[in-house]
S.K.: 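Just dropping this structure here.
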Amino acid sequence: MALIVQKYGGTSVGNPERIKNVAKRVAKFHAQGHQMVIVLSAMSGETNRLIALAKEISASPSPRELDVVISTGEQVTIGLLSMALEEMGIKARSYTGGQVRILTDDSFTKARILDIDGDNIRRDLDAGAVVVVAGFQGVDEAGNITTLGRGGSDTTGVALAAAIKADECQIYTDVDGVYTTDPRVVPEARKLDTITFEEMLEMASLGSKVLQIRSVEFAGKYKVKLRVLSSFQEEGEGTLITVEEDKNMEQPIISGIAFNRDEAKITVLGVPDKPGIAYQILGPVADANVDVDMIIQNVGHDGTTDFSFTVNRPDYDKAIKILEGVQAHIGARAIQGDRTMAKVSIVGVGMRSHPGVASRMFRTLAEEGINIQMISTSEIKISVAIDEKYLELAVRVLHRAFGLDQAPN
Ligand code: ASP
Ligand code: MG
């Protein structure tokens, strides 16, 4: 007998039929004697619908009121699933985040979980009930409803699993696991049996949308055994996110390729090459809450230098405007940009022990005539910024070059 937290995403609870299917799966585990805590998202599309509704009333709604509205989607699904379980003769009790008392800070729409009181849940589990908890929401110290950011139900699931010391946290979604890359771009992409937390964290931050990044951080920190599975398949082990690399297995050097289409590049030309210049350029950009990713400062000549960086495409116009505002003050000659950039990243803990990974990546891209405009690296990742029109080609050739289409033996 195990204590299992299962989280189901929006498509898995997208209509009454699917909710009944979730109930059947939960019933199966319950019948095997497991104690079950279920965390749900809102029906697919519902949170978007609620946000759109709010926007019809107010262009910039108060974040507190927005959370009151957008947290309702999950309240519907938890009630419906509990009813479906009771219809099958299984005792079930639903709880909103506030009822569990998932305590968060008060940053509405992107709150962080501070503490979870597991008492209600334990009492119900001990009485033989299935506990159904609304994902994505909590309550602050003052009793206000908060939400955890888009995709936040994953984080609810993992945080609950940590709080009640569950044996496993299973994330059920519309894919059957974590893939070497997006199968829509590379049909040969393979499902991974395991991936390490570090790799998953990089994949999530680089644009692989399987798990909310905060949930992965949480799982790594509290050593929650985390598994991603399909809610539309009866069988299958999904992908296990592991704390440690499996020392007994021959690890592939690269585990996956992540990419992001929505990048843009900005270059500030002919800035004086002197201390403080990076701060003068990036300070105002950061103050406007624009995230800067890759940064390059070229070697100076004649006392001036060029400075380039990437931002998310939706922030491009804002960033350009800010820089035009400070251009004279900085003494820059010109500001240029390219809003159609993409980022491709290879990720793998095997990079630590295998030299030559970067050169293989660069050679592979060169052979296809793909120009690398920027590079950034971490211990287990290499990212390049390229013209968006080469994105799919780049992902395909890298996938092949690193042998990801072949199952490891
Ligand atoms: N319903 C919320 C969203 O769409 C939370 C979630 O599904 O994880 O972002
Ligand atoms: Mg999700």
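As the structure is a computational prediction, the values presented were derived from the model and not from experiment. Just follow the structure's listing: the first ligand is 1, and inside any ligand the first atom is 1.
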S.K.: Just which atoms of ligand 1 are under 4.0 Å from any heavy atom in E74?
M.R.: 1 (N), 2 (C), 5 (C)
S.K.: Would you say ligand 1 has an N or O under 3.5 Å from any N or O of S153?
M.R.: yes
S.K.: Under a 4.0 Å threshold between the charged nitrogen and the carboxylate oxygen, would E198 count as salt-bridged to K381?
M.R.: no
S.K.: In terms of atom number and element, which parts of ligand 1 are under 4.0 angstrom from non-hydrogen atoms of R150?
M.R.: 3 (C), 4 (O), 9 (O)
S.K.: Taking the basic N atoms (NZ, or NE/NH1/NH2) and the acidic carboxylate oxygens, is any pair closer than 4.0 Å for K24 and E87?
M.R.: no
S.K.: Students often mix this up, so state it plainly: with edges at 30° and 60°, are the rings of Y172 and Y8 parallel, tilted or perpendicular?
M.R.: parallel
S.K.: Less than 4.0 angstrom from a charged side-chain N to a carboxylate O is my criterion; do D193 and K191 meet it?
M.R.: yes
S.K.: Using the rule salt bridge (Lys or Arg N to Asp or Glu O under 4.0 Å), only one of K223, K7, R227 pairs with E168; which is it?
M.R.: R227
S.K.: So for ligand 1, is G151 a polar contact partner (N or O within less than 3.5 Å, distance only)?
M.R.: yes
S.K.: I'd like to know if G10 contacts ligand 1, where contact means a heavy-atom distance under 4.0 Å to any ligand atom.
M.R.: no
S.K.: Is it the case that the side chains of N260 and R313 hold a donor-acceptor pair, with the cut-off being a distance below 3.5 Å and no angle test?
M.R.: no
S.K.: For G152 and ligand 1, answer yes if some heavy atom of the residue is under 4.0 Å from a ligand atom, otherwise no.
M.R.: yes
S.K.: Check whether any N or O atom of T47, backbone or side chain, sits under 3.5 Å from an N or O atom of ligand 1, and answer yes or no.
M.R.: yes
S.K.: Mark up the atoms of ligand 1 that fall under 4.0 Å of a heavy atom belonging to S41, in ascending order.
M.R.: 6 (C), 7 (O), 8 (O)
